[in-house]
2 protein chains.
Amino acid sequence: MDSRVGKDGRDGGAGGVTRAIRDDIIRGVHAPGARLAEEALSARYGVSRVPVREALRTLEAEGFVARRPYAGVVVAALDDAEAEDLVEIRSLLEPLGAARAAVRHTPEQLGRLKELVALADDALAAGRLEELARLNSRFHEVLAQASGSRTLTELITQLRWKMEWVYTAKLPRRAQDSWREHREIVAVLESGDPDKAARVVTRHIGKGRGAHRPADPQAIAVDQDPED
Amino acid sequence: MDSRVGKDGRDGGAGGVTRAIRDDIIRGVHAPGARLAEEALSARYGVSRVPVREALRTLEAEGFVARRPYAGVVVAALDDAEAEDLVEIRSLLEPLGAARAAVRHTPEQLGRLKELVALADDALAAGRLEELARLNSRFHEVLAQASGSRTLTELITQLRWKMEWVYTAKLPRRAQDSWREHREIVAVLESGDPDKAARVVTRHIGKGRGAHRPADPQAIAVDQDPED
DNA sequence: GCCACCTTGATTGTATACAATCGTGCCCGA
DNA sequence: TCGGGCACGATTGTATACAATCAAGGTGGC
């Protein structure tokens, strides 16, 4: 149970602490609304208060924690309406990213996507769902990067983090067959058709309906599949 | 030419430095690609290196600067493709925010919007364009907050900052008559119709066409109006 | 003359120490 | 008994000092 950030991580320094705290928030180690005292964090992650403070500043900008002057930071609480908005925003941005990726993707990125699909096939055959989830994150991360837009990439990545955050505490995983759709995405990217790429990803995300119409407040994305 | 952050600012501490540096980046004081040495910044803004570092962490998360380990931070450079993406992303998110605002806005927020429109009328009559620009920012800020979604509010606010950043260096202002449309937005919000709100803001932003189709690469938002 | 290596300088990353601020509990008085 | 005020503790915000790392320039050898 030692969460201290390893010295070996490629991102030396406070960046590692940022990732560690963010992961712990997503995984529910730090519950929403919990107070995050700087000294406690510095003890827990084995660094001084300065990197902790910088990490908290990053997490604040990303929306994972809220800061009030001289009152400390607390883990942000995502209510149902926020969760619904996340789904909606993502259903707008990821198709846009896919459309960009269809035009701008590099051969190397396409190769990485194909590689990830192949790895997922192996993992699926071996029944390693844990591996599948990790590959899923990587797939969408590379897909976002293929958009060629730094802004889009960062936004989509952060949205995915928050989606994971929301779903981690809400439902068990059901991951398997989304990879058939992943393979389809790669094929569309290779064809270079932006419209088709956007449509495929829209369907993949699971919000095929019109954009701006607010969904039924009752159906708070509980039927969404975290593994997409 | 003293940019040091005043002690009087409501947001005590490093938050003020963050705002100051961001404003200077947006205003072009720190040119894209410029190296931002921490000590130079701390001298310029009259604080120590620690608040500067925290501010840079925030600005990094917001995408205004890029950090490379032990290599310092540089002001991010937005190429034309990025600028185009910003326009596209905003044309997706602001209508969504308006749709949410039409349903969730509080009476207080609606009052503030009306008040801003009135103030803009006065400023317009007096010919104070500088005041108009500031009111314009406030209007869209309150409009975003009225969406009731913290995520949406932050995203839209950051996008607006970046739009301002892009346009500051590119074209002169032409601000006047967008306020007629602002008044229209307020009316739609009061009516409570989400679809109509989304349509009005979509037209207001100036990208009425379909969402995912990439725009003509030649027409890089140069004909966009920064004052909307 | 050119390349590899090392040294040096500057800059970032981190830790420790100090100051400012706020919440809290206690005490006193009505 | 209850309310206001005050002092205390804890925590955040900031400044200074030190360690780690990298880039550049010089020097020696080939």
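Each chain gets a letter, A, B and so on, in the order its sequence line appears, and its residues count up from 1.
Nearer the 5' end of DNA chain C, as judged by each residue's closest nucleotide, is the contact made by B:V73, out of B:V73 and A:A71.
Within the 4.5 Å cutoff, the side chain of A:E94 has heavy atoms near those of the A:H140 side chain.
Below the 3.5 angstrom threshold, one finds a donor paired with an acceptor across the side chain of B:R49 and the base of C:dG13.
In this structure, CG of A:L36 is placed 13 Å from P of D:dT11, rounded to the nearest angstrom. Atom CD in A:E39 sits about 9 Å away from atom P in D:dT12, given to the nearest Å. Rounded to an integer number of Å, the gap from CZ of A:R68 to P of D:dG13 is 12 Å. Regarding A:L41, its CG atom lies at a distance of 9 Å from the P atom of D:dT12, rounded to whole Å. Atom CD in B:E38 sits roughly 16 Å away from atom P in C:dA10 (whole-Å rounding). For the pair B:Y45 OH and D:dG13 P, the computed distance is 21 Å after rounding to whole Å. Atom C1' of nucleotide D:dT12 and atom CD of A:E60 are separated by 13 Å, given to the nearest angstrom.
Using a distance-only test at 3.5 Å, with no hydrogens or angles considered, a donor-acceptor pair links the side chain of B:W165 to the main chain of B:I25. At distances below 3.5 Å, at least one donor-acceptor pair connects side-chain atoms of A:R104 with backbone N or O atoms of A:S147. Looking only at distances, no side-chain donor or acceptor of B:S149 sits under 3.5 Å from a matching main-chain atom of A:D85. Looking at A:R138, its side chain never comes within 3.5 Å of a backbone N or O of A:A133 through a donor-acceptor pair.
For residues 60-77 of chain B, the side chain to side chain donor-acceptor pair (under 3.5 Å) pairs, not counting sequence neighbours, are B:R22-B:E62.
Nearest nucleotide to the B:Y70 side chain, out of C:dT21, C:dA15, D:dA20: D:dA20.
In this model, no donor atom of one side chain and acceptor atom of the other lie less than 3.5 Å apart for A:S91 and A:E88.
From one end of the helix from C:dG1-D:dC30 to C:dA30-D:dT1 to the other, with five pairs defining each end axis, the axis direction shifts by 0° (rounded to 10°).
Distances shown here put a side-chain N or O of A:R53 below 4.0 Å from the OP1 or OP2 atom of D:dG13. Listed pair A:R35 / D:dT11 fails the phosphate criterion, with no side-chain N or O lying under 4.0 Å from OP1 or OP2.
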